[in-house]
Each structure stands twice: as C-alpha cells, then as structure tokens.
Number of protein chains: 2
Amino acid sequence: MMTNGSLERASFRHIKEEILRRVTQGEWGPGTLLPGEIELAVEFGCSRATVNRSLRELSEAGLLERRRKAGTRVRLTPLRQARFEIPLIREEIEAAGAAYRYTLLQRAVGPAPVAMRKLFHTRPRERLLHLLCRHDSDGAPYQLEDRWINLAALPQAGTADFSTLGPNEWLVRAVPYSQVEISFLAEAAGPAACEHLGYASGEPVFMTERTTWWEGQTLTHVRLAYRRGHRMTARY
Amino acid sequence: MMTNGSLERASFRHIKEEILRRVTQGEWGPGTLLPGEIELAVEFGCSRATVNRSLRELSEAGLLERRRKAGTRVRLTPLRQARFEIPLIREEIEAAGAAYRYTLLQRAVGPAPVAMRKLFHTRPRERLLHLLCRHDSDGAPYQLEDRWINLAALPQAGTADFSTLGPNEWLVRAVPYSQVEISFLAEAAGPAACEHLGYASGEPVFMTERTTWWEGQTLTHVRLAYRRGHRMTARY
DNA sequence: GAGTGGTCTAGACCACCCT
DNA sequence: GGGTGGTCTAGACCACTCA
C-alpha cells in the first residue's frame with residue numbers, strides 16, 4: 001500500500017532518470033560501484049524487480065556495467081552507440097514534406113560479374129536480375145539505386161513489375177524479415193552518378209551498401225548513391 | 001514446480017526465438033495479430049511477465065507493434081535500425097591488432113570563425129581551443145582529427161597537455177556522459193587531408209562530424225577524416 | 001465499457017564469479 | 001562459500017484505446 005513517501009509513484013523511469021542524473025552530474029563518477037539492487041529498492045521504496053529493470057536498461061544503453069557478484073559499476077568509458085533508422089526511401093522523402101517519384105532506368109537479366117557471383121555464391125550459369133533506379137524528391141534526383149537480385153532464391157522477382165514499384169518496397173513485402181549488413185562510405189562519382197545525379201566525374205558521393213540474407217541465402221545487394229551534400233545523422 | 005512439459009526451461013529467450021522464427025518463416029505474416037499475452041503464456045507454459053518481456057524486446061527491435069486494447073501485430077514494414085558502436089579511436093585500432101600512435105599537429109587558442117561561434121553560442125570575445133591531430137595505425141595515417149573546444153565551458157582544456165593524450169580520450173574522462181549528435185558524410189579532400197592523409201586534392205573522403213553538449217552547453221565539435229577506403233559497417 | 005498491454009510487487013531459485 | 005545480478009512466478013492494479 002505505502003509506496004514511496006514522496007508524491008511520485010515509484011517507477012523504473014524515475015529511477016533511471018535519477019541514476020542518470022547522479023552519473024552525469026558527477027555524483028557517481030566513472031568506475032563507482034553502485035549500491036546493490038536491494039539497497040536501491042529500499043532507497044526508492046520499490047521492489048527489487050523495478051530497480052533491476054532500471055539498471056538493466058541503463059546497462060544496455062552503455063552507461064553501466066553489471067557483473068554477478070562484482071556488482072554494478074559506472075563504465076569507465078561509456079559505450080557509445082549511435083542508432084540510425086533506415087526508412088524506406090519513399091517514406092524518407094515524404095516525411096520531409098516533398099513529393100516522391102520513382103523511375104526504373106535499366107533492367108537486365110543475365111550472368112553476373114565475378115564480384116557478384118562471389119557475393120551470391122551462385123554458379124556461373126545462374127542468373128541475377130540487375131536494376132538501376134532513380135528516386136526523386138520534388139522533381140530533383142535524390143538517390144540512385146544499383147541493385148542485384150538473386151533469381152535462384154527469389155524467382156518471383158523475375159516477373160515482378162519494377163516499373164512503378166521500387167525493388168526495395170517490393171522486397172520488403174516479399175521477404176520482410178531478413179539479415180542485413182549495411183555500410184556507409186565515400187566514393188568518387190562514376191558515369192552513372194554523373195548522368196543521373198548530376199555529379200561531375202570524380203566528385204565525392206556519399207554511398208550506402210547493403211547486402212541481405214534470408215535463411216543463409218544471399219538475396220540481394222544494393223548500392224545507393226545520394227545526391228550532393230547528403231549526410232546520415234543520429235543522436236545519442 | 002511443473003514448468004513446461006518439454007525439456008527446455010521456459011525463458012524469454014526461447015520465446016523470443018520461437019516468435020521470431022514464426023515471423024521470419026512466414027507463419028505469422030506482416031500485419032498478423034498475435035495471440036494475447038495470457039494465451040501465449042499458456043502455450044509456452046510460463047507466466048505472463050515472461051511473455052511480456054519477450055514481446056516488449058521484439059517490439060523495441062522493430063519486429064512487432066504493440067498497442068493497448070488493439071493487441072500485438074507483426075509490423076507491416078519492419079522498422080529498420082542499424083546500431084553503430086563508436087569506439088575510442090585508439091581502441092578501434094588496437095582491436096584490429098595494429099599499433100596505435102597519436103600526434104598533435106597544431107594547437108591554437110583564439111577567437112573563433114563565425115560558423116563555430118554560431119555553433120557554440122559564444123560571444124565574439126570568447127575563445128576556442130583549436131586542435132589538429134593525427135591517429136596512426138601501424139605507422140600509417142588512419143584518421144585526421146580537427147577539433148574545437150569551448151574554453152568557456154571547459155577551462156581545464158586550456159592547460160591540458162594534448163601532446164601525448166588525444167583530446168577525445170581527455171574529453172571522455174573529463175565529461176564522460178554527454179549528449180552527442182553524429183553525422184556521416186562524404187567530402188572532397190582539402191589541404192589538410194592531402195598533407196596529413198596522403199589524399200590527392202578533391203578525392204572523396206569519408207568523414208564523421210560530432211558535436212557534444214553537456215547540461216545545455218556546447219562543449220566540443222570535431223570533424224574526423226578517415227584514410228582512403230574507410231567504411232562504417234553494421235549488421236541488423 | 002471492456003479488453004489489451006504496461007507496470008509493479010513479493011517472493012523465490014539459480015548462475016556466475018569474486019575472495 | 002557466499003554475495004550479486006538474472007530470471008521467473010502469481011497476482012494485482014492501472015492506462016490506454018477500440019468498439
């Protein structure tokens with residue numbers, strides 16, 4: 001019945017905030033050993049499970065370090081992690097209040113270059129679908145998409161109509177939950193970026209590369225070139 | 001006493017895996033309404049709290065969508081999020097098994113350029129510390145660090161010795177827990193990148209920009225230029 | 001209004017790992 | 001060996017939101 005003494009209800013959120021405050025304001029410096037869960041539960045007038053959730057989440061966020069028997073400590077150097085949300089390109093553009101347009105520039109089916117064959121572990125005879133697409137924001141080129149799709153793993157992609165629906169959206173519907181590796185890098189503008197994004201040859205281009213697997217098979221590999229000045233931003 | 005019926009102990013991990021399996025293998029397609037927590041608890045032979053933790057974590061990971069009264073659904077388009085760990089540059093290099101070396105190239109205190117004054121909200125008279133440093137991996141230039149530090153907010157930085165300890169490590173110790181905004185971008189190599197990282201003028205450079213606040217004050221702003229070919233990679 | 005998830009409690013047992 | 005966090009349970013009340 002009696003919960004706290006103060007007006008606030010005991011809650012894992014309040015406890016997280018209070019512990020975060022003590023750490024950021026230096027009350028508990030790097031390396032400090034925190035009181036045990038039972039002790040904190042008494043201090044905050046809540047159950048041990050509530051304290052546990054607070055400390056667990058702060059430890060997942062990289063602020064604290066927990067070990068059985070050793071206790072909970074403030075990390076010496078906080079584990080920094082930035083989380084980037086990867087939206088569908090259409091949603092990204094529309095969220096910015098701009099009009100989205102999609103154009104299929106090229107479509108080809110055939111044997112793959114060596115680099116792609118290695119990535120997809122396909123035999124020389126197997127065919128890949130190669131697509132080149134442009135995504136516009138308010139009529140101006142925004143992103144160029146250079147995609148390879150494994151037709152052995154995704155035969156339906158061979159007959160899908162990519163002239164109106166982008167391959168990314170198609171894939172998300174066909175294979176929604178898959179393993180992904182994503183990279184960010186800088187590259188010199190090649191002929192395609194010059195022609196479709198208006199770059200001068202050799203200009204720096206911000207690029208994303210993504211490879212997608214499902215049940216151990218490589219499904220698709222895509223290289224996304226962004227328009228001049230694009231950046232990926234996150235807070236933490 | 002009786003827990004499960006099967007040999008496995010009921011655990012939120014097993015439940016997560018099983019639900020993930022049902023979703024990825026298409027048993028529960030996008031938009032599917034999952035059974036309620038109580039129903040799942042009966043199925044898995046565990047308590048509702050255990051089911052709740054499983055579903056909560058899957059929803060935080062972007063796979064599921066939960067609303068009171070409406071229930072738990074498989075997301076139509078999975079919420080994609082990539083998590084990048086941001087290590088100290090020294091740890092990044094040493095983790096790759098290479099030797100780390102740090103060099104302070106320039107140090108200057110003075111009035112700031114307009115762009116920096118805006119960022120730091122300083123008055124014209126206030127001074128900023130400007131540092132240029134290089135981080136080497138196995139003797140080869142790896143990263144160039146161009147940093148501004150707000151001396152009004154961090155007066156100790158004015159007397160710190162940055163000739164042996166990099167400003168990043170110094171800052172992490174002085175102000176461990178702060179707010180950060182980080183961006184990734186591509187830029188043409190300027191004179192500094194050419195001189196210290198061996199770029200040809202105008203070559204594409206992968207860059208990170210980071211601004212750090214603490215208690216509402218802008219503490220520091222840094223631009224990191226990486227050696228040729230660098231990429232940031234994450235899996236999800 | 002009623003059904004669902006969100007959270008808290010009190011208690012329990014266990015696994016890990018420091019001393 | 002013993003103390004700490006890791007997890008589970010059974011029950012409860014609450015808040016949101018859909019019909």
Side-chain angles (χ1 to χ4, degrees), chain A residues 1-20 22-23 28 31-76 79, chain B residues 1-20 22-23 28 31-76 79:
Chain A
M1 295 306 137
M2 163 178 157
T3 51
N4 204 332
S6 86
L7 286 174
E8 286 187 350
R9 167 159 188 62
S11 140
F12 77 96
R13 271 172 235 279
H14 298 146
I15 297 171
K16 272 177 78 171
E17 275 171 30
E18 173 60 16
I19 291 172
L20 181 61
R22 292 185 191 175
V23 172
W28 287 340
T32 302
L33 179 65
L34 269 63
E37 294 190 346
I38 298 175
E39 202 172 329
L40 287 170
V42 172
E43 180 196 335
F44 289 114
C46 67
S47 77
R48 194 188 139 216
T50 303
V51 170
N52 179 273
R53 178 160 181 193
S54 310
L55 295 180
R56 174 161 34 90
E57 292 192 359
L58 287 171
S59 130
E60 277 161 13
L63 188 77
L64 305 176
E65 207 171 6
R66 318 196 74 198
R67 282 207 322 272
R68 287 161 148 122
K69 168 68 181 179
T72 301
R73 289 180 182 279
V74 180
R75 280 199 119 90
L76 289 170
L79 186 66
Chain B
M1 293 306 142
M2 163 179 161
T3 52
N4 204 335
S6 86
L7 286 174
E8 286 187 351
R9 167 157 185 66
S11 139
F12 77 96
R13 272 174 232 279
H14 299 146
I15 297 172
K16 273 177 76 172
E17 275 172 30
E18 172 60 16
I19 292 172
L20 181 62
R22 291 184 191 176
V23 171
W28 287 340
T32 302
L33 179 65
L34 268 62
E37 294 190 346
I38 297 174
E39 203 172 327
L40 287 171
V42 172
E43 180 195 335
F44 290 112
C46 68
S47 77
R48 196 190 138 215
T50 303
V51 170
N52 178 273
R53 179 162 178 192
S54 310
L55 296 178
R56 173 162 34 89
E57 293 193 358
L58 287 170
S59 130
E60 276 162 13
L63 187 77
L64 306 175
E65 208 169 6
R66 318 195 73 195
R67 282 203 326 270
R68 286 156 148 129
K69 167 70 183 177
T72 301
R73 287 178 183 280
V74 181
R75 281 198 119 91
L76 289 170
L79 187 65

Colleague: What's the CD-C1' distance between A:E60 and D:dT7, to the nearest Å?
Modeller: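 Taking atom C1' of D:dT7 as the reference, CD of A:E60 is at 14 Å.
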
Colleague: Find which nucleotide of DNA chain C each of B:T72 and A:A70 is nearest to by heavy atoms, and output the residue with the more 5' nucleotide.
Modeller: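 It is B:T72, whose closest nucleotide lies nearer the 5' terminus.
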
Colleague: Send over the distance from B:I38 CD1 to D:dA10 P, rounded to a whole Å.
Modeller: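 So the two atoms are 13 Å apart, to the nearest Å.
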
Colleague: Looking at B:R66 and B:E37, does any basic side-chain N land under 4.0 Å from a carboxylate oxygen?
Modeller: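 B:E37 and B:R66: salt-bridged.
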
Colleague: Can you figure out which of C:dA10, C:dA2, C:dG6 approaches the side chain of A:A49 most closely?
Modeller: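 Among C:dA10, C:dA2, C:dG6, the one nearest the side chain of A:A49 is C:dA10.
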
Colleague: Could you check whether B:R56 pairs with B:E65 (Lys NZ or Arg NE/NH1/NH2 to Asp/Glu carboxylate O, under 4.0 Å)?
Modeller: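 No.
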
Colleague: To the side chain of A:R48, which of C:dC13, D:dT17, C:dC18 is closest?
Modeller: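 For the A:R48 side chain, the nearest candidate turns out to be C:dC13.
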
Colleague: Please report, rounded to the nearest Å, how far the C1' atom of C:dG5 is from the CZ atom of B:R67.
Modeller: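 The distance from CZ of B:R67 to C1' of C:dG5 comes to 12 Å, rounded to the nearest Å.
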
Colleague: With the side chain counted from C-beta on, respond yes when B:I19 and B:L55 share a heavy-atom pair under 4.5 Å apart, and no when they do not.
Modeller: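 When only atoms from C-beta onward are counted, B:L55 and B:I19 do touch, with a gap below 4.5 Å.
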
Colleague: Check the distance between C:dT4's P and B:L64's CG and give it to me in whole angstrom.
Modeller: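 Rounded to whole Å, this separation is 17 Å.
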
Colleague: Select from B:K69 and A:L55 the residue whose nearest nucleotide in DNA chain D is closer to the 5' end of that strand.
Modeller: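 Between the two, 5'-proximity favours A:L55.
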
Colleague: Would one find a side-chain N or O of A:S11 under 4.0 angstrom from OP1 or OP2 of C:dC8?
Modeller: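 For A:S11, the contact criterion (side-chain N or O under 4.0 Å from OP1 or OP2 of C:dC8) is met.
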
Colleague: Mind calculating the distance between CZ (B:R56) and C1' (D:dT7) to the nearest angstrom?
Modeller: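 After rounding, the gap between these two atoms is 13 Å.
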
Colleague: Can you tell me the distance, in whole Å, between the CZ atom of A:R53 and the P atom of C:dG6?
Modeller: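 These atoms are roughly 9 Å apart.
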
Colleague: Measure NE2/A:H14 against C1'/C:dT7 and give the value in whole Å, please.
Modeller: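 In whole Å, C:dT7 C1' lies 12 Å from A:H14 NE2.
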
Colleague: If the threshold is 4.0 Å, N to carboxylate O, is there a salt bridge linking A:E57 and A:R53?
Modeller: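 So A:E57 pairs with A:R53 through a salt bridge.
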
Colleague: Counting side-chain heavy atoms from CB outward, which of D:dC8, C:dT7, D:dC18 is closest to B:S47?
Modeller: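 That would be D:dC8.
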
Colleague: Check every atom of D:dG5, C:dC8, C:dG5 against the side chain of B:R66 and return the nucleotide holding the closest atom.
Modeller: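 Ranking D:dG5, C:dC8, C:dG5 by closest atom to the B:R66 side chain puts C:dG5 first.
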
Colleague: Do the side chains of B:L64 and B:L34 get nearer than 4.5 Å, heavy atoms only?
Modeller: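 Side-chain contact under 4.5 Å: yes.
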
Colleague: Write down the distance between CG (B:N52) and C1' (D:dC8), rounded to a whole number of angstrom.
Modeller: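 The distance from CG of B:N52 to C1' of D:dC8 comes to 13 Å, rounded to the nearest Å.
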
